[in-house]
Amino acid sequence: MGKGFYVSKLVAFVCIFFAVAAVATIIALAVVYSNEKSNNDKVENGGTTTSPTSTTTSSTVTTPASNEIWDQYRLPPHLEPEHYDVDLRPILTKNDQGLYVFHGVSKAYFMCKVATQHVIIHSNKLNYTTDPILTDDTGSTISSNKHFFAEETNYLILPLNEQLQPLKKYVLHTQYIGELADDLAGFYRSEYVEDGVTKIIATTQMQAPDARKAFPCFDEPGLKATFTITLRHKPDYVALSNMNVAKQWNNAQWNVTKFEKSPKMSTYLVAFIVSQFKAIGDDRYYINYQVKIWGRKIAIEDENQGEYALNVTRPILEFFENYYGVPYPLPKSDQIAIPDFSAGAMENWGLVTYRDTALLYDTKESSIGNKERVLTVIAHELAHQWFGNLVTIRWWNDLWLNEGFASYVEYLGADHAEPTWNIKDLTVLYDLHRVMGVDALASSHPLTSKEEDVNTPSEISSLFDSITYSKGAAVIRMLSSFITEDVFVQGLQTYLKEFEYSNTAYIDLWIHLQAAIDKSNIQLDNKIEAIMNTWVLQMGFPVVTINTATGVVQQKHFLLDPNATVTRPSDFNYTWFVPITYFSGASALNTFWLNARDGTNEAFKTAGQQGDWLLANINVTGYYRVNYDDVNWDRLLNQLNTDLSRIPVINRAQIIDDAFNLARAQIISTTRALETTKFLSKDVEYMPWQAALSSLSYFTQMFDRTDVYGPMKAYMKNQVTPLFNYFKNLTNDWSIRPATLTEQYNEINSVSMACSYGIPECGELAIRLFNEWKNSTVNGIHPNLRSTIYCNAIARGGEEEWNFLWEQFRNTTNAQEADKIRAGLACSREPWILNRLLEFSLDPTKIRRQDTVSTITNVANNVIGQSLAWDFVRANWVKLREQFGDSSFSFGNLITGVTRRFSTDFDLSQINQFKEDNKEVGFGTGARALDQSIERTEANVRWVNQNKVVVKEWFEAAANP
């Protein structure tokens with residue numbers, strides 16, 4: 001699954017700063033991922049069947065005893081699915097009860113492995129209109145008692161009057177009605193307006209535990225089967241599924257589309273959609289398969305927003321065919337933009353679903369960040385077509401392998417499609433730096449866990465976090481680096497060929513990589529399993545401290561709060577096998593393995609004796625932070641301030657990011673960290689500046705309501721002014737765009753920082769460009785700069801400006817533009833306007849449900865709106881839980897977003913009270929994020945108390961040298 005707002009990748013810039021007088025507004029913008037003809041004549045002929053009276057009903061609902069097998073969240077090992085026939089008819093108009101529903105007929109074919117007298121199969125919110133019937137492979141009915149449900153574990157249970165026999169095959173026949181709700185899960189509905197008409201589509205999102213909401217199934221990733229899907233729909237609609245159409249016919253008022261039988265696949269990858277969408281794609285895009293991009297008619301046919309996705313899909317697929325050594329496994333690749341979608345995208349086999357913003361690109365309205373977002377999300381989802389779909393994890397505890405791998409290789413596929421972008425380096429900013437902030441908390445968690453520790457839908461959904469995606473990507477990137485990419489690919493290819501159409505655990509990949517290493521000339525001190533288990537089975541990462549006076553190197557578990565207590569036991573005692581790459585002013589690149597807490601490397605000592613600076617973790621291929629002795633720190637900073645070109649760009653970003661985090665952990669002084677920003681007045685590269693912005697955003701969050709912020713603004717204004725002038729000249733006074741991807745990103749940074757830190761010319765630019773648009777019918781603001789201009793104009797304006805922008809939001813048909821506007825609306829300085837926007841966030845007629853959480857957190861990122869957003873979340877927590885449920889991926893981001901500025905004892909008492917007040921309601925997938933926010937707040941309180949005075953003094957001195 002691609003990253004949505006919950007796990008969004010920040011593709012254009014991480015923080016946009018804005019300040020007016022003493023006010024600073026921080027916006028985190030995500031410019032910114034998933035048969036047979038029925039024997040039911042009523043469904044087949046388009047007739048009506050009684051509507052469900054509740055979301056989960058049956059003739060008899062029984063609460064089983066706690067020791068029964070159906071009270072366990074994992075299916076018993078008695079039955080193994082082989083095939084499903086699923087026949088569905090979504091009704092895209094409301095019934096008499098005001099509900100949208102779908103009618104279903106299903107046959108689940110399975111084999112008995114262990115004798116049992118019950119059929120237990122997943123089913124959630126399906127109303128069975130007839131009793132389920134079980135037959136054997138001769139068609140004879142197996143007599144049964146009345147079926148019942150275990151609602152907590154989502155099971156339909158059919159008690160039998162005789163035992164099922166091992167190795168014998170059976171078929172479960174069911175007929176049911178489900179609700180096409182707008183809950184973004186299972187088989188659900190999405191709405192959009194086109195030509196003034198509201199249109200309804202029926203679409204799916206099965207991952208992780210929601211295929212059971214569409215048809216009864218053995219809904220675990222390890223229980224693969226084949227599928228034949230049949231969809232019944234009105235003639236003016238088109239039906240899509242994982243496979244190509246096998247045949248179509250008309251039956252009374254309904255068209256019937258039957259799809260070809262799928263290969264063996266997991267239930268969470270099944271997809272089917274009924275819509276009035278249009279597609280782009282033609283014979284040029286046939287290799288051994290067809291590629292099509294689907295979306296709203298206006299987006300595809302009128303505005304040609306699918307062209308870029310179509311153009312990059314073929315090279316990405318070709319790259320992965322070569323990379324994996326396996327041809328694309330299906331006959332077609334449909335990619336479709338869904339107006340309402342909970343994640344960023346979903347890798348359904350052969351029918352990948354996306355948010356509009358992750359698939360569609362408009363050359364007139366979309367920014368360079370939007371373009372990169374489309375490219376990388378497509379690459380991520382197409383990477384899954386092999387790694388995840390063809391070969392699938394056995395259980396969700398190994399989700400990190402699936403998502404972390406795709407999050408790594410997406411950069412490789414994207415680089416192949418856009419080779420001039422040099423995009424592979426950006427993983428350091430987007431994944432590694434970002435996730436280290438979470439993984440440095442005592443409340444973090446290992447990449448993997450025991451299968452028995454992941455059971456409930458909420459527990460499964462909570463794994464879709466930055467540790468899974470971004471740390472997974474970082475450690476796989478590190479692994480590929482130290483064994484070399486060629487050896488990594490060799491092991492990967494044999495792994496995919498051995499396990500195609502089946503399931504694995506992460507250890508299986510280690511075995512194949514080890515075999516590839518053994519055939520190469522790569523020499524490692526330890527087996528790959530031993531090395532990688534230190535990174536996979538224990539949470540966190542080390543800080544490596546190098547003493548160039550003695551040559552001694554040490555590692556220690558890095559925690560942002562040095563007083564935090566890590567309660568999770570570990571067989572590894574928080575020691576890692578660390579590949580330390582390094583060079584000095586006078587040496588070539590080398591690697592030193594630190595396999596214990598302490599070690600010695602004479603090369604480190606030699607560099608110190610010769611007066612050279614030493615730099616470790618070259619290009620940040622390793623997942624660790626680096627600290628040095630004071631002398632080496634001085635030498636590195638002196639080199640940066642005299643000739644920064646001798647330090648690689650990625651490492652210039654690393655020095656800043658490491659230093660600020662080391663300071664927060666009280667390993668080095670805060671003033672030492674601040675010193676790493678001085679060279680920026682001479683640097684025009686994106687990565688160092690972005691690392692500085694991300695690091696200084698913490699200072700802004702902690703101090704923008706205090707007297708520290710004035711001196712900080714003055715210092716940063718001095719640092720940013722040369723960058724602002726550089727891009728003003730490079731772009732001919734902002735009239736043209738720079739040539740490269742990262743130059744365009746840093747142009748955005750230069751403008752946003754200039755406005756944030758009070759360069760008058762920037763504020764005047766924002767107001768002028770906004771007013772020109774306001775007084776015209778054409779938006780002349782370049783898409784790259786719109787987020788910054790909108791935010792600053794709204795912050796400097798009043799109700800009139802806000803109402804104008806709101807109308808633009810209501811009227812735009814471009815989802816990416818809508819995201820930019822929605823973020824800008826949250827920049828108002830008027831509390832009543834911000835409260836109005838918060839209320840709008842819970843009204844799906846104004847703001848789509850998929851955007852509720854990001855709207856609230858946008859307001860929270862505004863210094864004026866933070867307390868308003870926090871109060872709003874507390875007041876509406878029960879409503880939010882009811883709307884989004886236990887399995888929503890959004891709660892973690894919501895809790896983190898509204899508590900990010902907490903830094904006082906009062907803040908801490910409030911968040912603890914919030915936890916206490918809602919312990920009965922629960923926090924769903926946000927439970928871990930809540931604990932992390934409490935831990936962060938405790939650390940913030942201590943850090944502010946310790947550093948406020950010294951930080952103010954440093955900025956005062958640096959601003960007036």
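Partner of S828 under the side-chain contact (heavy atoms from CB on, under 4.5 Å) criterion, chosen from I833, V859, L837, L805: I833. Looking at L560, D931, L441 one by one, the single match for side-chain contact (heavy atoms from CB on, under 4.5 Å) with R936 turns out to be L441.
For the residue pair R822 and S854, a side-chain donor N or O sits within less than 3.5 Å of a side-chain acceptor on the partner. Side chains of Y354 and E381: a donor-acceptor N/O pair is absent below 3.5 angstrom, by distance only. Remark: the Q816 side chain and the S366 side chain contain an N/O donor-acceptor pair separated by less than 3.5 Å. No donor-acceptor contact under 3.5 angstrom links the side chains of H380 and E347, judged on distance only. No side-chain N or O of N940 forms a donor-acceptor pair with one of T937 less than 3.5 Å apart. Using modelled atom types, one finds a donor on one side chain and an acceptor on the other under 3.5 Å when comparing S443 with E935. Between the side chains of N397 and S449, not a single donor N or O lies within less than 3.5 Å of an accepting N or O. With hydrogens and angles left out, the side-chain atoms of W870 and Q910 include a donor and acceptor closer than 3.5 Å. A donor-acceptor pair shorter than 3.5 Å can be found between the side chains of T899 and S933.
Side chain of K471 to main chain of G540: a donor-acceptor pair is present (N/O by atom type, distance under 3.5 Å, no hydrogens or angles). A donor-acceptor pair under 3.5 Å links the side-chain atoms of R355 to the main chain of Q850, judged by distance alone. At least one donor-acceptor pair under 3.5 Å links the side chain of S909 to the backbone N or O of F906. The main-chain N or O of A815 is never found under 3.5 Å from a side-chain atom of E365 such that the two would form a donor-acceptor pair.
Distance CZ/R189 to CG/D182: 4.5 Å, rounded to 0.5 Å. The line from OG1 of T427 to CG of D431 is 4.0 Å long, rounded to the nearest 0.5 Å. A distance of 10.0 Å separates CZ of F902 from CE of M702, quoted to the nearest 0.5 Å.
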| query | Can you check ring-ring contact (aromatic ring centres under 6.0 Å, His included) on W943 and F703, steps first, answer last? | reply | CA-CA 11 Å; W943 187 86; F703 296 131; 5.6 Å; yes
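A tilted orientation is assigned to the rings of W877 and F923, their planes being inclined by 30° to 60°. Taking the six-membered ring where the residue is Trp, F840 and W806 present tilted rings, their angle falling between 30° and 60°. Using cut-offs of 30° and 60° for the angle between ring planes, the F464 and W396 rings count as tilted.
With a 4.5 Å cut-off on side-chain heavy atoms, R901 and D907 do not count as touching.
Residues T845 and R810 approach most closely at O-NH1, 2.8 Å, considering heavy atoms. The heavy-atom pair separating N154 from P457 by the smallest distance is OD1-CG, 4.4 Å.
Counting heavy-atom neighbours within 6.0 Å of E807 CD, excluding the residue itself, gives a total above 12.
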